[in-house]
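Comments concern the structure below.
Each chain gets a letter, A, B and so on, in the order its sequence line appears, and its residues count up from 1.
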Amino acid sequence: MNAAATSGTFREARAAWPAIAFLFVFFALPVGALMLRSVTDPQWGLQNFSDLLATGTYARVLFNTFLVAAVVTLMSLLIGYPLAWLLVMLPARWQQVLLAILLMSMWTSLLARTYAWLVLLQKTGVINRILLSVGVIDAPLPLVNNLTGVVIGMTYIMLPFVVLPLRATLATLDPALMHAGAVCGASPWRLFRSVLLPLSLPGIGAAGLMVFVMSLGYYVTPALLGGTGNMMLAELIAQTVQSFLNWGLGAAAALVLLCATLALYALHMRYLDEDA
Amino acid sequence: MKMDTPLPAVRLMDLHKRYGDFAAVDGVSLDVRKGEFLTFLGSSGSGKTTTLNMIAGFDDPTSGQILLNGGAVTGLPPQKRNIGMVFQRYTLFPHMTVAENVGFPLSVRRLSKDEVNSRVLDALRLVQLDRFAGRRPSQLSGGQQQRVALARALVYEPQLLLMDEPLGALDKKLREEIQIEIRKLHHRLGVTILYVTHDQEEALRMSDRIAVFEHGRIVQVGSGEDLYHCPATAFVAGFIGNSNFLRGSVAERRSDAAIVKLGENSAVCVPVDAVGGVGSEVRIMIRPEEIKLSHALSDAAGAVIPVTVRERIFLGDTISYEVATRDGQSVLVREDRARNQGRCVGPGTDAYMHIAINQNRVYKKY
Amino acid sequence: MILTRNRLGLFRFVLYGHAVLVMAFLLLPIIFIALLSFGSSRWMMFPPPEWTLRWYEELATDPRWAEAMWLSLRLALIVTVLSVLLGGAAAFALVRGRFAGRRVLKAFFVAPMIVPVVIVAIALYAFSLKVGLNGTFAGFVAGHLIIAVPFSVICISNSLRGFDPALEQAAAICGAGRLETLRRVTIPSIAPGLLAAAVFSFLASWDEVVVSIFMASPQLQTLPVRMWTSLRSDLTPVIAAASTLLVLASLILMALLGLSATRAGRSKMQ
Ligand SMILES: Nc1ncnc2c1ncn2[C@@H]1O[C@H](COP(=O)(O)OP(=O)(O)O)[C@@H](O)[C@H]1O
Ligand SMILES: [Mg+2]
């Protein structure tokens with residue numbers, strides 16, 4: 001009782017038990033069990049992994065997944081970086097407006113936003129209709145049920161995850177460095193290339209890795225916008241388990257995804273540490 | 001304990017607090033009288049807060065006993081000890097108004113609304129903040145916040161008030177103002193106060209008695225004057241007031257006195273029981289204002305040491321000198337301007353330093 | 001400021017233009033869907049030939065949609081309460097406790113955010129099949145709680161870290177017991193963090209798709225699951241109406257959070 005009032009004893013640690021117990025039973029244990037199934041289902045051995053490698057589908061899905069994740073990362077960085085840069089230069093009030101929009105977008109129903117793109121990108125959707133009527137194109141573009149749709153939708157969803165951390169990094173850079181550069185007579189373009197960009201590289205790396213990791217395991221958006229022929233890893237795992245009831249193979253694919261995710265996440269944390 | 005001594009408000013009996021191997025409090029014993037203003041004085045890390053926290057009940061002693069009004073409080077949680085406390089940081093509840101903060105201990109005690117309101121108002125008047133009752137702590141200055149904390153600690157009329165460096169975060173002028181206020185409150189309310197500070201001037205200004213802490217122990221307890229005139233150790237001497245320590249070694253021991261050499265060509269006579277064997281080190285403490293400088297040898301009692309004046313600084317009511325003995329020890333001297341009148345001991349000149357050796361200020365070690 | 005805007009010359013207008021486009025990119029799809037949900041065309045013609053509340057009516061009266069909404073709401077509320085309780089206690093241990101392995105424990109608490117949801121979903125699916133949790137309300141609660149708890153742990157840890165434990169000592173010395181201190185001092189002081197935890201937990205559950213797809217049975221479907229299944233057959237504007245409701249919930253809750261943040265910020269400033 002007395003000790004509880006002072007800052008820090010073992011007693012406080014007890015409060016963690018309910019959460020530990022819950023997450024252990026419903027999260028750690030099931031995930032562990034699933035991973036185990038990759039080598040025990042249907043029998044002991046690495047059969048599932050060799051099956052994975054043997055099937056062309058899996059290789060294609062894996063390629064698709066990394067390709068989409070890479071393109072999405074690149075796109076969100078390209079679009080997000082200038083925005084983050086502008087954000088730190090804007091007066092506080094405007095910064096807040098833009099940040100509010102970013103945060104709101106981030107926390108608005110994922111399903112609703114994906115659905116919006118599904119509707120927008122249809123052959124008869126608004127985007128194609130506008131492009132047609134302006135005369136940029138003669139026939140509707142296939143924008144959805146392919147990887148293009150996935151990339152558009154995912155970039156849209158990942159954008160806040162790039163802009164927010166990048167802005168945080170840029171905001172910590174010492175303005176004096178830029179002023180020093182400017183006094184030396186460097187043009188804005190040179191300043192950007194030789195001062196701002198190199199200094200923000202760790203932030204770009206961290207944000208990019210984060211988006212890449214998240215994209216690798218994304219399920220909802222690729223499943224809805226990608227159509228049947230363009231599966232990504234998460235959807236493949238779900239399908240293998242749900243439709244084909246092949247738990248061993250699904251677990252093996254899940255293990256691959258989990259390992260890639262954790263490895264990249266560890267790298268991301270390293271980046272953050274160096275940044276700090 | 002004699003029958004007629006009243007129970008002490010606080011009695012600490014051989015209190016220890018260990019963190020692993022480290023003894024933060026290392027055998028503290030102390031009686032605090034009822035109605036007394038007693039200050040824990042010591043440098044940072046000497047165990048004052050730890051001791052206070054054990055009295056408050058935030059920490060359990062590793063060993064030892066704490067008696068409040070004669071009753072042991074071991075294991076009694078803070079909320080059952082009926083103690084008031086003011087912390088160094090402003091620990092006002094940020095989501096409550098000033099009045100709600102001060103009323104908090106009363107509402108915890110389930111007093112009626114009217115009773116709470118009238119006592120809150122009284123307490124706020126006591127610290128002259130009744131006009132601010134409706135404000136939030138964040139709308140007050142640091143000094144005002146600390147006065148609200150004081151009102152909150154006093155409103156339930158605790159038997160004992162603990163204050164842990166309550167003025168540490170305030171600037172000097174404000175600090176002195178509130179020191180006086182606290183002192184006045186103490187006289188008016190007669191509450192027992194245990195006060196913690198590392199500022200010797202604050203301790204001297206406010207306390208009936210001071211307990212000096214060093215490395216988790218109390219090295220001396222006494223009134224400010226006791227500590228100033230008869231510091232028990234060199235540490236206390238150094239901590240309270242300005243002091244010079246002259247280094248020397250025992251050259252000779254006689255039956256009535258010992259000769260201590262200070263460098264090559266000066267020596268002083270000190271009481272023999274204050275020093276160790278021949279050749280052992282000695283520290284003699286001399287207050288700057290107890291030294292007289294002159295060009296001529298006088299036959300006043302005490303020791304005379306030849307020095308060179310290095311610097312003379314005019315400070316208005318006093319003049320301060322920095323002088324060096326022949327063996328290079330630097331000594332600070334302060335003279336009243338009135339007494340100094342007419343004489344001019346300028347920088348660079350040789351002079352004599354007259355000192356009276358007080359036997360209570362000769363130390364075997366620093 | 002990295003580089004003052006007016007130093008950039010004309011290039012700054014490029015940046016402005018870019019920002020406007022990106023904001024449009026972020027906002028227009030949501031607005032578009034909200035507009036379509038009031039449009040009369042079943043084929044989602046834009047601009048709609050007429051305005052109607054028909055799809056909302058269908059949403060409210062079609063028992064499959066109505067039950068899904070009701071389930072989602074109950075679920076989100078229960079998950080919010082449990083998540084704040086579990087996550088709050090865990091955050092308390094993380095911030096106040098001094099014990100070996102605190103960092104590991106913290107990583108464990110946020111792990112469900114890092115592990116891809118699909119893995120969480122099928123792992124829990126397999127587990128639920130074994131213990132008979134699949135297709136049950138409890139199963140949904142457990143699944144959503146896994147996703148929500150990390151948000152609570154993070155939000156509440158952050159605000160606990162900004163809370164001075166000396167305030168609890170002050171309350172204790174004023175005579176308040178453990179519970180009274182918690183109720184009257186600690187909880188009000190970390191209220192913004194608790195609110196954030198509640199909002200994010202609610203949204204995490206309210207909007208959860210993947211775990212729910214696996215947990216759902218034909219009888220027990222949340223609103224997103226219902227949307228998901230009908231999306232696969234057609235794009236009916238009822239989904240647009242449901243989407244608009246989801247968006248509206250996020251909007252209201254985020255606005256609430258923003259309001260409390262600015263209020264907290266303002267009282268700090270004073
Ligand atoms: N919880 C603790 N764990 C370990 N050491 C502590 C703890 N609390 C205090 N100490 C150590 O005990 C010593 C005394 O601390 P304290 O009582 O706060 O000193 P003071 O208040 O006199 O500055 C310090 O050296 C401090 O580092
Ligand atoms: Mg202290």
Side-chain angles (χ1 to χ4, degrees), chain A residues 4-5 7-10 12-13 15-16 18-19 22-23 26-27 30-31 33-34 79 82-83 85-86 88-89 100-101 103-105 107-113 115-120 126 156 159 170 173 175 178 182 188 191 196 217 219-220 224 234 237-238 241 250 254 257-258 261 265, chain C residues 1-3 5 7-8 11 15 18-19 22-23 25-27 29-30 32-33 44 46 86-87 89-90 92-93 96-99 105 108-109 112 114-120 122-124 126-127 142 146 149 165 168-169 172 178 203 207 209-210 224 227 231 235 239 243 246-247 250 254 258:
Chain A
S7 62
T9 55
F10 283 95
E12 270 81 7
F22 170 75
L23 284 182
F26 290 96
F27 170 68
V31 170
L34 180 71
I79 300 176
L83 185 64
W85 184 22
L86 182 69
V88 291
M89 292 190 293
I101 294 176
L103 278 173
M104 207 198 73
S105 158
W107 278 96
T108 295
S109 164
L110 172 70
L111 197 54
R113 286 183 297 155
Y115 168 72
W117 280 108
L118 193 57
V119 174
L120 278 167
V126 177
Y156 167 72
L159 211 48
L170 289 175
L173 293 187
M178 293 309 271
L191 271 182
L196 184 59
Y219 178 67
V220 172
L224 286 180
I237 296 171
V241 168
L257 176 60
L258 186 63
T261 302
Y265 188 75
Chain C
M1 225 163 262
I2 292 299
L3 192 55
R5 272 165 299 151
R7 282 264 180 75
L8 285 177
F11 182 65
L15 282 183
H18 176 79
V22 174
M23 291 302 137
F25 179 56
L26 289 177
L27 286 178
I30 304 174
F32 172 76
I33 278 306
M44 315 258 257
F46 194 87
L86 278 186
F92 192 75
R96 294 289 178 77
R98 295 277 169 276
F99 49 91
L105 193 60
F108 179 62
F109 285 141
I114 297 152
V115 174
V117 195
V118 73
I119 294 182
V120 178
I122 61 167
L124 188 67
F127 179 79
I146 296 172
V149 159
E168 284 177 359
Q169 295 193 335
R178 200 91 175 90
L203 288 179
D207 191 34
V209 191
V210 188
M227 286 166 70
L231 257 179
L235 296 180
I239 304 176
S243 293
L246 291 184
V247 172
S250 318
M254 291 303 284

Report the option among A:Thr108, A:Leu110, A:Leu159 that has the most heavy-atom pairs separated by less than 4.5 Å from atoms of chain C. A:Thr108
Return the CG to CG distance between A:Leu118 and A:Leu111, rounded to the nearest 0.5 Å. 10.0 Å
Top of C:Gly87, C:Ala142, C:Ala19 for chain A proximity - count of heavy-atom pairs under 4.5 angstrom: C:Ala142
Rounded to the nearest 0.5 Å, what's the gap from CG on A:Leu86 to CG on C:Leu15? Could you check? 5.5 Å
Residue among A:Leu103, A:Leu257, A:Val241 with most heavy-atom pairs under 4.5 Å to chain C: A:Leu257
Heavy-atom distance under 4.5 Å between the side chains of C:Val120 and A:Phe27, does that happen here? yes
Option in A:Ser105, A:Ser109, A:Ala16 with maximal non-hydrogen atom pairs under 4.5 Å from chain C: A:Ser109
Can you tell me which portion of C:Leu86 sits under 4.5 Å from chain A's heavy atoms? Options are side chain, backbone, both or neither. both
Which heavy atom of C:Leu246 sits nearest a heavy atom of C:Met227, and at what distance? CD1-SD, 3.7 Å
When you look at A:Leu196 and A:Leu170, which way does the side-chain contact (heavy atoms from CB on, under 4.5 Å) test go after all the steps? CA-CA 8 Å; A:Leu196 184 59; A:Leu170 289 175; 3.9 Å; yes
Distance-minimising heavy-atom pair for C:Ile146 and A:Phe26: CD1-O, 3.1 Å
With a 4.5 Å cut-off on heavy-atom pairs, point out which of C:Ala90, C:Ala126, C:Pro112, C:Pro224 contacts chain A the most. C:Pro112
Specify the closest pair of heavy atoms between C:Ala93 and C:Phe99, including all atoms of both residues, with the distance to one decimal. O-CE2, 3.5 Å
Specify whether A:Trp117 and A:Tyr156 have parallel, tilted or perpendicular ring planes, treating 30° as the upper limit for parallel and 60° as the lower limit for perpendicular. perpendicular
Ranked by heavy-atom pairs below 4.5 Å to chain A, first place among C:Ile122, C:Val117, C:Leu27, C:Val118 goes to C:Val118
Just so I understand: if I count every heavy-atom pair under 4.5 Å between each of C:Ile114, C:Val115, C:Leu203, C:Val210 and chain A, which residue has the most? C:Ile114
Name the option with the most non-hydrogen atom pairs under 4.5 Å to chain A; the candidates are C:Leu231, C:Val149, C:Val247. C:Leu231
Pick from A:Ala19, A:Gly217, A:Pro18 with the largest number of heavy-atom pairs that fall under 4.5 Å of chain C: A:Ala19
Where on C:Phe32 is there a heavy atom nearer than 4.5 Å to chain A: the side chain, the backbone, both, or neither? side chain
Do you know which of A:Ala100, A:Ala234, A:Ala33 has the most heavy-atom pairs with chain C at a distance under 4.5 angstrom? A:Ala234
C:Ile239 CD1 to C:Ile33 CD1 distance, which is reported to the nearest 0.5 Å: 9.5 Å
Among the listed options A:Val220, A:Ile237, A:Val31, the residue most often paired with chain C at heavy-atom distances under 4.5 Å: A:Val220
